[in-house]
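As structure tokens, the structure follows; a few thoughts come after it.
Positions are given from 1, in the same order as the sequence printed here. Computed from a predicted structure; not experimentally measured. Side-chain atoms are counted along with the backbone in the values below, which use heavy atoms only and exclude waters and symmetry mates.
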Amino acid sequence: QITERIVVLFVVINSQEEVQGKYVVCILFFLWNLLDVVRYTYNMLARMGIYYLPLTWLNFSLCILLYPLSVLAKAFAICVSLPYFESFGTYSIKLPFPFAFSIYFPYVLKTYLLVLFIGMWFIVQNLFSERKAHLGTGNIIKKRS
């Protein structure tokens, strides 16, 4: 998670000034911070042995909703930055003769988008299993007397 944030923040957003003023960057930072406030508050209290049920529910339920939204915001930020990387050639490299190899950075970003969505699928499944382990299935079954 830290690596993907570093890639998006420093490589995609910080390297292109045109992208820095877009609304998607503000939305992305809002989603990241909202996720972190809930997660770190829950983890801090859990380490101290305090389990507050509404915060536990919020931690395991909100992440399932907000993580895919943050991935969509990351993907949109990357898509917005692609024309700038194509026109300026930022981070695209052509190696000299012995290697005769070039790296076109927009292709790297498009591959990263594919990996990002595949990874999101696995992480959301993991979040669902963690939610089920901590909160149960959510089905309320009444006993008959």
Side-chain angles (χ1 to χ4, degrees), residues 1-93 95 99 101-145:
Q1 188 177 25
I2 292 172
T3 304
E4 73 182 46
R5 286 186 184 186
I6 288 172
V7 167
V8 171
L9 180 62
F10 292 111
V11 175
V12 175
I13 295 172
N14 196 30
S15 66
Q16 300 295 332
E17 289 185 23
E18 294 81 6
V19 178
Q20 294 172 7
K22 303 288 183 184
Y23 289 113
V24 70
V25 175
C26 181
I27 293 168
L28 182 60
F29 288 160
F30 176 75
L31 290 172
W32 280 351
N33 287 322
L34 187 60
L35 279 167
D36 288 345
V37 164
V38 171
R39 184 177 64 226
Y40 292 143
T41 304
Y42 170 78
N43 288 336
M44 179 188 64
L45 291 175
R47 292 283 178 201
M48 295 185 334
I50 301 170
Y51 293 97
Y52 184 58
L53 187 60
L55 184 62
T56 304
W57 182 87
L58 194 63
N59 180 49
F60 291 108
S61 300
L62 191 66
C63 290
I64 293 172
L65 175 68
L66 291 183
Y67 185 76
L69 288 176
S70 71
V71 169
L72 287 175
K74 281 182 239 177
F76 192 69
I78 291 172
C79 289
V80 165
S81 70
L82 278 174
Y84 300 112
F85 281 110
E86 289 173 353
S87 64
F88 298 136
T90 310
Y91 301 128
S92 293
I93 302 169
L95 298 175
F99 301 106
F101 184 76
S102 63
I103 298 172
Y104 187 59
F105 193 67
Y107 290 157
V108 173
L109 285 178
K110 290 175 185 176
T111 305
Y112 179 72
L113 281 174
L114 179 66
V115 171
L116 190 66
F117 282 109
I118 292 171
M120 180 189 72
W121 186 77
F122 286 109
I123 288 176
V124 167
Q125 280 198 335
N126 185 37
L127 289 172
F128 271 118
S129 65
E130 282 184 10
R131 184 181 191 280
K132 188 175 180 181
H134 284 85
L135 299 175
T137 59
N139 296 334
I140 298 174
I141 301 172
K142 294 184 178 181
K143 289 184 177 180
R144 291 187 177 181
S145 300

Atom pair [atom1]/[atom2] of [X] and [Y] - distance to nearest 0.5 Å:
X	Y	atom1	atom2	result
His134	Tyr51	NE2	OH	7.0 Å
Leu69	Ile64	CG	CD1	12.5 Å
Ile78	Phe85	CD1	CZ	9.0 Å

Partner set under side chain to side chain contact (heavy atoms under 4.5 Å, CB included) for Met48, not counting sequence neighbours: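 For Met48, the residues satisfying side chain to side chain contact (heavy atoms under 4.5 Å, CB included) (neighbours in sequence not counted) are Leu45, Ile50.
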Side chain to side chain contact (heavy atoms under 4.5 Å, CB included) partners for Leu35, two or more places apart: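 Partners of Leu35 by the side chain to side chain contact (heavy atoms under 4.5 Å, CB included) criterion, ordered by chain and then number, come out as Cys63, Leu66, Ser70.
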Residues Phe105, Leu82; criterion side-chain contact (heavy atoms from CB on, under 4.5 Å); working and verdict: CA-CA 9 Å; Phe105 193 67; Leu82 278 174; over 6 Å; no
On a heavy-atom basis, which atom in [X] and which in [Y] lie closest, and how many Å separate them?
X	Y	answer
Thr41	Val37	OG1-O, 2.5 Å
Met120	Pro68	SD-CA, 3.6 Å
Asn59	Val38	CA-CG1, 3.6 Å
Val8	Leu28	CG1-CD2, 3.7 Å

Criterion side-chain contact (heavy atoms from CB on, under 4.5 Å) on Leu127 and Phe60, from CA distance to verdict: CA-CA 7 Å; Leu127 289 172; Phe60 291 108; over 6 Å; no
Examine distances only and state if a side-chain atom of [X] and a backbone atom of [Y] form a donor-acceptor pair shorter than 3.5 Å.
X	Y	answer
Ser61	Leu58	no
Asn43	Arg39	yes
Ser129	Asn126	yes

Phe128 CZ: over 12 foreign heavy atoms closer than 6.0 Å: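 No.
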Could you pull out all donor-acceptor pairs under 3.5 Å where a side-chain atom in residues 10-18 meets a protein atom, sequence neighbours excluded?
| residue | atom | partner | partner atom | Å |
| --- | --- | --- | --- | --- |
| Ser15 | OG | Val11 | O | 2.3 |
| Gln16 | NE2 | Thr90 | OG1 | 3.1 |

Centroid separation Tyr52 to Tyr42 less than 6.0 Å: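 Centroid separation for Tyr52 and Tyr42: 6.0 Å or greater.
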Aromatic ring pairing Tyr107/Tyr104, orientation class (parallel under 30°, perpendicular over 60°, tilted between):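 Perpendicular: the ring planes of Tyr107 and Tyr104 meet at over 60°.
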Sub-4.5 Å side-chain heavy-atom contact between Ser92 and Pro106: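 Of all side-chain heavy-atom pairs linking Pro106 with Ser92, at least one is under 4.5 Å.
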Side-chain touch Leu113/Cys79, heavy atoms, less than 4.5 angstrom: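 The answer is yes; the side chains approach within 4.5 Å.
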Stepwise side-chain contact (heavy atoms from CB on, under 4.5 Å) check, Ile27 with Phe30: CA-CA 5 Å; Ile27 293 168; Phe30 176 75; 5.6 Å; no
Audit row: Trp57, Leu62, side-chain contact (heavy atoms from CB on, under 4.5 Å) steps and yes/no: CA-CA 8 Å; Trp57 182 87; Leu62 191 66; over 6 Å; no
